[in-house]
Amino acid sequence: MVTRSISAVVLVGAAAVFAGAQPEAYQPAFAPAGGSPLRADPTARLSPEVAHAVERLALVDLRMRDNARPDDYRIARLLLEQARALNPDDPELARRIAAAAFTSGDDEALIRATRDVVRLDPTDTVAQLRLINALIARKQTAEERLAAYDRFLGPAGESIDPSVLSRLSLDAALLRRELGDDAGFRRNLQLATELDVSNKDAASIALRYFEDHAPNDPAGLLELQIILLHADPLDPHVHRNIATALARQGAHRQAQRMLGNTIAIIEQVAQTPNELEVERLSLEAVWESPRGVLDDLNLFSGLLVSTAESQREQAETQGLPEDEWPDPEEARLPLEFERLRLILAHSIGEEDSARASLDDLRDSVLAGVAEVNEVLQDQTLTPEVRSQAVTDYMTLFMTI
């Protein structure tokens with residue numbers, strides 16, 4: 001470590017020479033305990049290019065170490081501070097110093113660097129929040145911290161970004177809840193949701209609190225769920241929860257629409273889960289017509305069979321091996337849809353459809369059991385694969 005420190009001194013001195021400054025204008029790179037790190041002579045105007053070279057050295061040296069220790073980040077910070085003395089108006093360099101200070105555990109250096117970031121880039125709300133939290137964390141008691149929160153949330157914080165104030169208000173709410181101040185908790189929580197509608201944590205906590213304390217107020221619960229939707233409009237779980245709340249109050253058409261949103265969002269990242277489509281069809285059956293949904297399921301079942309028959313004829317015509325011919329008898333609805341088909345057929349007295357659905361359901365279960373057993377008996381498979389087969393086996397029977 002001493003060797004690396006000497007190297008840092010040599011590098012900075014050399015940079016000064018190449019920039020046209022005198023090496024004696026610099027102090028030692030590592031000051032005595034309690035002292036300040038190296039500062040460039042204010043009369044020496046070193047170019048940003050030299051500062052960039054020092055910055056690159058610090059970063060390259062750090063990235064070459066597979067398991068960098070706190071001391072490594074401390075040395076990197078000290079070198080970055082030398083670069084900053086040469087180029088004091090670079091907010092990105094200040095951010096790198098803050099990151100190195102955080103990793104090395106130097107709270108004082110972290111606060112200094114974060115102050116620089118906030119000064120150079122007032123739009124950096126992350127740095128604002130980190131600086132304020134660091135200052136509040138210095139307070140010794142909970143009462144002192146709450147007083148600090150109140151100051152920032154009052155006139156003294158008018159220039160602070162509302163998104164930062166929202167997070168501060170949420171932190172104050174959680175602290176007041178720990179102290180048993182329920183009224184203060186609710187007051188700060190409400191302020192957090194009002195200051196920034198995108199504060200999902202605040203919206204989620206507000207919803208859970210309302211569910212616990214006012215479970216018989218569906219209108220209030222729906223309002224808070226809509227606030228949560230504004231905080232994260234692309235969360236499919238939020239859309240689905242709103243759909244459930246609407247369905248419980250008889251708003252089936254609106255619930256269908258929210259489930260449609262859920263499916264559309266999930267389709268962006270993965271195939272639509274069968275369970276969601278079944279839920280949507282169930283609502284359609286309640287709101288519109290169970291017979292219409294049953295007819296659609298019967299039609300889909302018939303299309304699966306006719307498609308398999310057509311594919312089998314083509315495979316036979318092309319001379320493909322028989323084990324590659326589709327089997328129309330295995331063309332059945334997925335179990336989730338088959339369950340719904342059976343329930344609808346039985347509920348409206350369509351005995352023929354119910355009997356056909358029950359036969360298909362039985363055949364699907366038996367085929368699934370046979371596939372799982374085949375996996376279990378294959379000794380060439382890993383224990384993990386066979387264990388998963390057992391899970392699938394149990395899930396299969398839970399499905400019916």
Next item on the list: Mind running side-chain contact (heavy atoms from CB on, under 4.5 Å) on I348 and L294 for me, showing each step along the way?
Entry: CA-CA 10 Å; I348 62 177; L294 176 61; 3.6 Å; yes
Check: Does the pair L174 and R177 meet the rule for a side-chain contact (heavy atoms from CB on, under 4.5 Å), with working shown?
Finding: CA-CA 5 Å; L174 297 177; R177 183 172 65 178; 3.4 Å; yes
Item checked: Audit row: V197, I227, side-chain contact (heavy atoms from CB on, under 4.5 Å) steps and yes/no -> CA-CA 7 Å; V197 295; I227 292 175; 6.0 Å; no
Note to self: Is there a salt bridge (charged side-chain N to carboxylate O under 4.0 Å, His left out) between D182 and R186? Walk through the geometry before answering.
What the structure shows: CA-CA 6 Å; D182 189 65; R186 287 186 280 110; 3.0 Å; yes
Next item on the list: Tell me, with the steps shown, if R77 and E81 meet salt bridge (charged side-chain N to carboxylate O under 4.0 Å, His left out).
Entry: CA-CA 6 Å; R77 176 183 64 78; E81 284 180 346; 2.9 Å; yes
Notebook entry, point to check: side-chain contact (heavy atoms from CB on, under 4.5 Å) between L297 and L281: does it pass, once the steps are laid out?
Noted result: CA-CA 10 Å; L297 291 173; L281 289 173; 4.3 Å; yes
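Residues Y149 and N188 fail the side-chain proximity criterion, which asks for heavy atoms closer than 4.5 Å. No side-chain heavy atom of F337 sits less than 4.5 Å from a side-chain heavy atom of F300. When side chains are defined from C-beta on, R96 does not count as touching R84, because their heavy atoms never get closer than 4.5 Å. Inter-residue side-chain proximity for V118 and D124 is flagged as unmet; no heavy-atom pair is nearer than 4.5 Å. Using a 4.5 Å heavy-atom cutoff, the side chains of D181 and L146 are not in contact.
Between R95 and E92 there is a salt bridge, since at least one side-chain N of the basic residue sits less than 4.0 Å from a carboxylate O of the acidic one. The existence of a salt bridge linking R341 and E338 is confirmed by a sub-4.0 Å separation between a basic side-chain nitrogen and an acidic carboxylate oxygen. The residues D201 and R167 are annotated as not salt-bridged, no charged nitrogen and carboxylate oxygen being separated by less than 4.0 angstrom. A salt bridge links R362 to D359: at least one charged side-chain nitrogen sits closer than 4.0 Å to a carboxylate oxygen. D150 and R187 are not joined by a salt bridge, as no carboxylate oxygen comes within less than 4.0 angstrom of a charged side-chain nitrogen.
For the residue pair A101 and L110, the shortest heavy atom distance occurs at CB-N, 3.5 Å. Summarising the geometry of P215 relative to L221, their closest heavy-atom pair is O-CD1, 3.9 Å, with the distance given to 0.1 Å. A pairwise comparison of heavy atoms in A113 and I97 identifies CB-CG2, 3.7 Å as the closest pair. Residues A203 and A231 share a closest heavy-atom pair of CB-CB, 4.4 Å. Of all non-hydrogen atoms in L165 and G157, the two that sit nearest each other are CD1-O, 3.7 Å. Contact record, A308 with A331: CB-CB, 4.0 Å, taken as the closest heavy-atom pair.
One N or O on the side chain of H239 and one on the backbone of P233 form a donor-acceptor pair closer than 3.5 Å. Using a distance-only test at 3.5 Å, with no hydrogens or angles considered, a donor-acceptor pair links the side chain of S347 to the main chain of L344. Proximity of a side-chain donor or acceptor of S204 to a complementary backbone N or O of K200 within less than 3.5 Å is detected. Looking only at distances, a side-chain donor or acceptor of T317 sits under 3.5 Å from a matching main-chain atom of E313. A donor-acceptor pair under 3.5 Å links the side-chain atoms of S282 to the main chain of V278, judged by distance alone. At least one donor-acceptor pair closer than 3.5 Å links the side chain of T193 to the backbone N or O of Q190. Under the 3.5 Å distance criterion, the side-chain polar atoms of T103 are matched with a main-chain donor or acceptor of A99. The backbone N or O of L303 lies less than 3.5 Å from a partner atom in the side chain of S306, making a donor-acceptor pair. Here the side chain of Q82 pairs a donor or acceptor atom with the backbone of L78 at under 3.5 angstrom. Judged by distance alone, the side chain of D121 and the main-chain N or O of V117 form no donor-acceptor pair under 3.5 Å.
The line from CD1 of I242 to CG of L228 is 7.5 Å long, rounded to the nearest 0.5 Å. Atom CG in N199 sits 12.0 Å away from atom CG in D232 (nearest 0.5 Å). For the atom pair CG of N87 and CG of D89, the computed distance is 6.5 Å after rounding to the nearest 0.5 Å. For the atom pair N261 CG and R257 CZ, the distance stands at 6.5 Å (nearest 0.5 Å). We find the CG-CD1 distance between L207 and I226 to be 11.5 Å, quoted to the nearest 0.5 Å. Considering CG of L259 and CG of L246, their distance stands at 9.5 Å, rounded to 0.5 Å.
Criterion: ILVMFWY side-chain heavy atoms under 4.5 Å apart, direct or through other members. Under it, I75 and L80 are not part of a common hydrophobic cluster. By the criterion of side-chain heavy atoms lying less than 4.5 angstrom apart, applied directly or through intervening Ile, Leu, Val, Met, Phe, Trp or Tyr residues, L120 is not grouped with L93; the two fall into different hydrophobic clusters. Two different hydrophobic clusters hold M258 and I263 under the rule that ILVMFWY side chains link at heavy-atom gaps under 4.5 Å. Residue L222 is grouped with residue V238 when hydrophobic side chains (ILVMFWY) are merged at heavy-atom distances under 4.5 angstrom, including chains of intermediate members. Clustering ILVMFWY residues whenever any of their side-chain heavy atoms sit less than 4.5 angstrom apart, transitively, puts L195 in the very cluster that holds L168.
The local environment of NE2 in H230 is sparse, with at most 12 non-hydrogen atoms from other residues, nucleotides or ligands closer than 6.0 Å. More than 12 non-hydrogen atoms from other residues, nucleotides or ligands lie less than 6.0 angstrom from CZ of R119. Atom CD of E194 sits in a crowded spot, with more than 12 heavy atoms from other residues, nucleotides or ligands closer than 6.0 Å. The local environment of CZ in F210 is crowded, with over 12 non-hydrogen atoms from other residues, nucleotides or ligands closer than 6.0 Å. The neighbour count for H346 NE2, taken as heavy atoms of other residues, nucleotides or ligands under 6.0 Å away, does not exceed 12. Within 6.0 Å of atom CD in E223, 12 or fewer heavy atoms from other residues, nucleotides or ligands are found, so the atom counts as exposed in its surroundings. In R145, the CZ atom is crowded: over 12 heavy atoms of neighbouring residues, nucleotides or ligands sit closer than 6.0 Å.
Under the rule for a salt bridge (Lys or Arg N to Asp or Glu O under 4.0 Å), D107 has no partner lying at least two apart in sequence or in another chain.
D161 and T125 share no side-chain donor-acceptor pair at under 3.5 Å.
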What side-chain donor-acceptor pairs closer than 3.5 Å can you find for residues 126-139, not counting sequence neighbours?
unit_1, atom_1, unit_2, atom_2, d
Q128, NE2, P122, O, 2.6
R130, NE, T114, OG1, 3.3
N133, ND2, L129, O, 3.3
R138, NH2, E108, OE1, 3.0
R138, NH2, E108, OE2, 3.0

